[in-house]
Number of protein chains: 2
Amino acid sequence: MRKVSLKDIAQKAQVSTALVSYVLNGKEKESRVGEEMAAKIRQIAQELNYQPNYLAQSLRSGKTQTIGLILADISNPFFANVARIVEDEAKRNGYTVIIGSSDENANKSKDLLDVLIKRQVDGFIIVSCEDSDEQVQELVDKHIPFVLLDRYFPAIATDFISTDHYEAAFEGGKHLITNGYQRIGMIAYESGMFHMDERIRGYQNALNDSRIPFREEWLKKVRFTYIEQEVKPAIDELISATEPVDALIFATYGLAINGLKYINELRLNVPDDLAIVSFGQAEAFDLYYCPITYLRQPIGLLGQTAVKLLVEKMDSTNKEPTQILMKAELVARESSKSKMSQ
Amino acid sequence: MRKVSLKDIAQKAQVSTALVSYVLNGKEKESRVGEEMAAKIRQIAQELNYQPNYLAQSLRSGKTQTIGLILADISNPFFANVARIVEDEAKRNGYTVIIGSSDENANKSKDLLDVLIKRQVDGFIIVSCEDSDEQVQELVDKHIPFVLLDRYFPAIATDFISTDHYEAAFEGGKHLITNGYQRIGMIAYESGMFHMDERIRGYQNALNDSRIPFREEWLKKVRFTYIEQEVKPAIDELISATEPVDALIFATYGLAINGLKYINELRLNVPDDLAIVSFGQAEAFDLYYCPITYLRQPIGLLGQTAVKLLVEKMDSTNKEPTQILMKAELVARESSKSKMSQ
DNA sequence: TAGCACTGCTTAATCGTTTAAGCTTATATT
DNA sequence: AATATAAGCTTAAACGATTAAGCAGTGCTA
């Protein structure tokens, strides 16, 4: 019960495998295959339920019709959803996706890249993590097609499609100010990643823009690896500062989850004691007793465009890198409602 | 700048590719390769940074060292975590994982299977969905190795590793009864899936076991596709019945998320107005104003064992199917706290 | 009546690895 | 001295598909 190969069809039709290949690839015209014979071959192929062998095709063509998707953290629902969208869109373009999660760890990310390069994926979509600049540069040097998603390195000229993190944070800050909050803090990751800096810069500029002097003690940075330990003291300090904050922006979903848990423990009331705006999006935000205002990144568009860009890149030996920034949408809910109306 | 192949090494060493292959596969002894030559070949391979071509190897061996993981719904955090665990464990065994989500749709599941079979994955780990019995039977018939995860078909003799859903639901029910609740409802999926029936049976038997007569109107079934529309009336009916429920078991995570949102809208107080126990696990449960009691399935063990089972199955032409049931752990929290202490 | 174009097919190389079988030499055995 | 054994290689086929090049045969033109 071996699988059916071109050879089997060829034998049954009493012709060479070449002819069969021409017919089944629709090259009968260019290759001057007789009509009758073409029909016969197609018939037999159908009867035997022939399925071409991907491996053989790939070996010959050098293309695997596979793309590698490297996520920073698959347990983050934002990325999980990116994965599903990329998968669907890739399928629509005839590609299969192999997903890997770096868990924000550059070594793991490097391993994943290596494994997938060995597996000869045709290209990558990457949500890069801290300290992965070199890996990305290596891809550029090796001329491996890839697109960065949601995070990019301004110092490296690559294709990317990202949310405008600065703009989003700015909008988040402005929103709080508009709603009457004055002492606004932010909890962000301690990270050399550009997108994180942008979020911080956006937040600071929102204050600036409204002539609220930014105070260093309003900005707390915690490490991804020690998030549970470090978020708590960060919040403690924010609410017990000389100028305690009355609103807080979480720079990521993970920070929000941890922070909100602790805020619950402290029996702080959102938004009366503390208003909240967060990046990321998830069911957890809806379920909170006071639904959380968040910055909705255009997941669908991000994912689809990433695939589109990558496919183009893989098809044509490319020109200039395409770089796209997309706007996040602020979804205003109770956690940041106007102080006036309280 | 083509990739380095065996041939390149062979040329540089002035030998045949066969010899190179023997050496690099550690078969120098059996194949009587001279020590010097072996050293020379290894040396050159290193210099050229030789990486074997997976495609060629796979084509020859018929093995791709790839496994397909088909999930029922990747946006469910339970499955997302399963994915990550399976991926890690597979890697440890030298396998790469291709993930697909069927979104609880048998057609999509069938498509995924077909695509991955064409891609010649060596085996599958499957969280099957409704009406996918035939697909599973087909795998059996085609002698494609696979392991069912978390859900199985009692009518088909397959390997599987699953939570004991009956037992878990029974425990959930008993827990509520122990804590003083008497009128316990359940919201489940309308589904022909065995695991769902088991959860329902467990719930009913918990009542029975405590001599609480089960009432049909306490059990509501909604359709996965129309979850948002159907959960609300289900809850409405449960709380306005002649014997309105004072506790509610959600049979899945998705049901809980939707249900709790609505319960919030209704301004019902958990657990005073309504106690809650749910299947599934997620950050959302921690974040709820009143942390949700849930049945923790042993994700890590489930995933690891599934991979282990599959690897064994793929290595040896197997014997009897291995079938494993694992216990879920009830994590008791505020949403089901004892009525007495309230 | 050679020359040409066209039709319909086959041959054989190629992608990169693996591996059974075979071919030289050199060494050991009787 | 004749033969067997072993050591150290090479050859070549195979996995399955693709495709450039080539070979007959037919019909047409000049």
Side-chain angles (χ1 to χ4, degrees), chain A residues 1-42 44-45 48-66 94 117-122, chain B residues 1-42 44-45 48-66 94 117-122:
Chain A
M1 275 274 279
R2 237 188 54 271
K3 286 203 74 187
V4 180
S5 74
L6 275 193
K7 214 192 224 166
D8 300 320
I9 301 180
Q11 255 156 20
K12 203 154 185 195
Q14 311 252 53
V15 294
S16 68
T17 61
L19 214 57
V20 179
S21 172
Y22 288 135
V23 172
L24 298 184
N25 286 302
K27 305 213 174 152
E28 359 171 355
K29 287 277 139 43
E30 305 94 294
S31 304
R32 305 166 312 200
V33 182
E35 275 190 37
E36 285 179 46
M37 190 48 89
K40 182 175 176 187
I41 288 171
R42 260 192 293 270
I44 296 178
L48 300 184
N49 185 29
Y50 168 73
Q51 305 281 48
N53 183 318
Y54 262 102
L55 293 171
Q57 285 181 327
S58 298
L59 178 57
R60 181 111 219 297
S61 66
K63 303 263 155 232
T64 54
Q65 294 293 112
T66 303
I117 288 175
K118 270 198 210 163
R119 294 256 167 189
Q120 288 166 277
V121 299
D122 295 335
Chain B
M1 275 274 280
R2 238 188 52 272
K3 287 202 74 184
V4 179
S5 74
L6 276 191
K7 213 190 222 167
D8 300 319
I9 302 179
Q11 253 157 24
K12 202 154 185 193
Q14 311 253 52
V15 294
S16 69
T17 61
L19 213 59
V20 179
S21 173
Y22 288 135
V23 172
L24 299 183
N25 286 302
K27 305 215 173 146
E28 1 172 352
K29 286 279 138 44
E30 305 95 293
S31 304
R32 305 165 313 199
V33 181
E35 274 188 39
E36 285 179 46
M37 189 50 89
K40 182 175 174 189
I41 287 171
R42 259 192 293 270
I44 295 178
L48 299 185
N49 185 30
Y50 168 73
Q51 306 280 48
N53 183 317
Y54 262 102
L55 292 172
Q57 285 180 328
S58 299
L59 179 58
R60 181 112 219 300
S61 66
K63 304 261 154 236
T64 54
Q65 294 292 111
T66 303
I117 288 175
K118 270 199 210 162
R119 295 256 167 190
Q120 287 165 277
V121 299
D122 295 335

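Note on naming: letters A, B, ... go to the chains in the order of the sequence lines (proteins, then strands), and numbering restarts at 1 for each one.
- In this structure, B:Leu55 CG and A:Tyr54 OH are separated by 13.0 Å, a value rounded to the nearest 0.5 Å.
- Comparing atom distances between the B:Ala18 side chain and each of D:dT18, C:dT18, D:dT11 picks out D:dT11 as nearest.
- Within the 4.0 angstrom heavy-atom criterion, no nucleotide atom of any strand lies near B:Tyr54.
- Counting to the nearest Å, the P atom of C:dT7 and the NZ atom of A:Lys29 are 12 Å from each other.
- Among the atoms of the strands shown, none is found under 4.0 Å from any heavy atom of A:Val20.
- Annotation: of the two residues near DNA chain C, B:Arg32 and B:Asn53, the 5′-most nearest-nucleotide partner is B:Asn53.
- In this structure, OG in A:Ser16 is found 12.5 Å from NZ in A:Lys7, a value given to the nearest 0.5 Å.
- Between A:Thr17 and the phosphate of D:dA17, there is no side-chain N or O to OP1/OP2 separation shorter than 4.0 Å.
- Distance, B:Gln11 CD to D:dT10 P: 13 Å, rounded to whole Å.
- Counting distance only, with no hydrogens placed and no angle test, the side-chain atoms of B:Tyr22 and the base atoms of D:dA7 include no donor-acceptor pair under 3.5 Å.
- In this model, the phosphate group of D:dG16 is not approached by any side-chain N or O of A:Gln57 to a distance below 4.0 Å at OP1 or OP2.
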Practice problem: Apply the test side-chain contact (heavy atoms from CB on, under 4.5 Å) to residues B:Tyr50 and B:Leu6: give CA-CA distance (whole Å), side-chain angles for both, the deciding distance (0.1 Å), then the verdict. | Solution: CA-CA 8 Å; B:Tyr50 168 73; B:Leu6 276 191; 3.6 Å; yes

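- Rounded to a whole Å, the NZ atom of A:Lys27 is 8 Å from the P atom of D:dT18.
- What separates CG of B:Asp8 from P of C:dT14 is a distance of 14 Å, to the nearest Å.
- Closest to the side chain of B:Leu59, out of C:dG16, C:dT19, C:dC9, is C:dG16.
- When the P atom of D:dC15 is taken as reference, atom CZ of A:Arg60 falls 17 Å away, rounded to whole Å.
- At a threshold of 4.0 angstrom between heavy atoms, the contacts of B:Ser5 are confined to the sugar-phosphate backbone, with no base atom among them.
- Which of D:dT10, C:dT17, C:dC15 sits closest to the side chain of B:Leu6 comes down to C:dT17.
- Rounding to whole angstrom units, CE of residue B:Met37 and C1' of C:dT25 are separated by 15 Å.
- Using a 4.0 Å cut-off between charged side-chain N and carboxylate O, B:Lys40 and B:Glu35 make no salt bridge.
- Using a 4.0 Å cut-off, some side-chain N or O of A:Asn25 falls inside it from OP1 or OP2 of D:dT18.
- Comparing D:dA17, C:dC15, C:dT17 against the side chain of A:Ala56 picks out D:dA17 as the nearest.
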Practice problem: Test side-chain contact (heavy atoms from CB on, under 4.5 Å) on A:Val33 and A:Leu19 and set out the steps. | Solution: CA-CA 7 Å; A:Val33 182; A:Leu19 214 57; 3.9 Å; yes

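- The residue among B:Ser61 and B:Ala38 whose nearest nucleotide of DNA chain D is located toward the 5' end is B:Ala38.
- Interatomic distance, A:Leu48 CG to A:Ser5 OG, rounded to the nearest 0.5 Å: 9.5 Å.
- Residue B:Gln51 is in sugar-phosphate contact alone, with no base atom involved, counting any heavy-atom pair closer than 4.0 Å across all strands shown.
- Distance CG (B:Leu55) to P (D:dA17): 14 Å, rounded to an integer number of Å.
- Note: CG (B:Leu19) to C1' (C:dT18) measures 13 Å, nearest angstrom.
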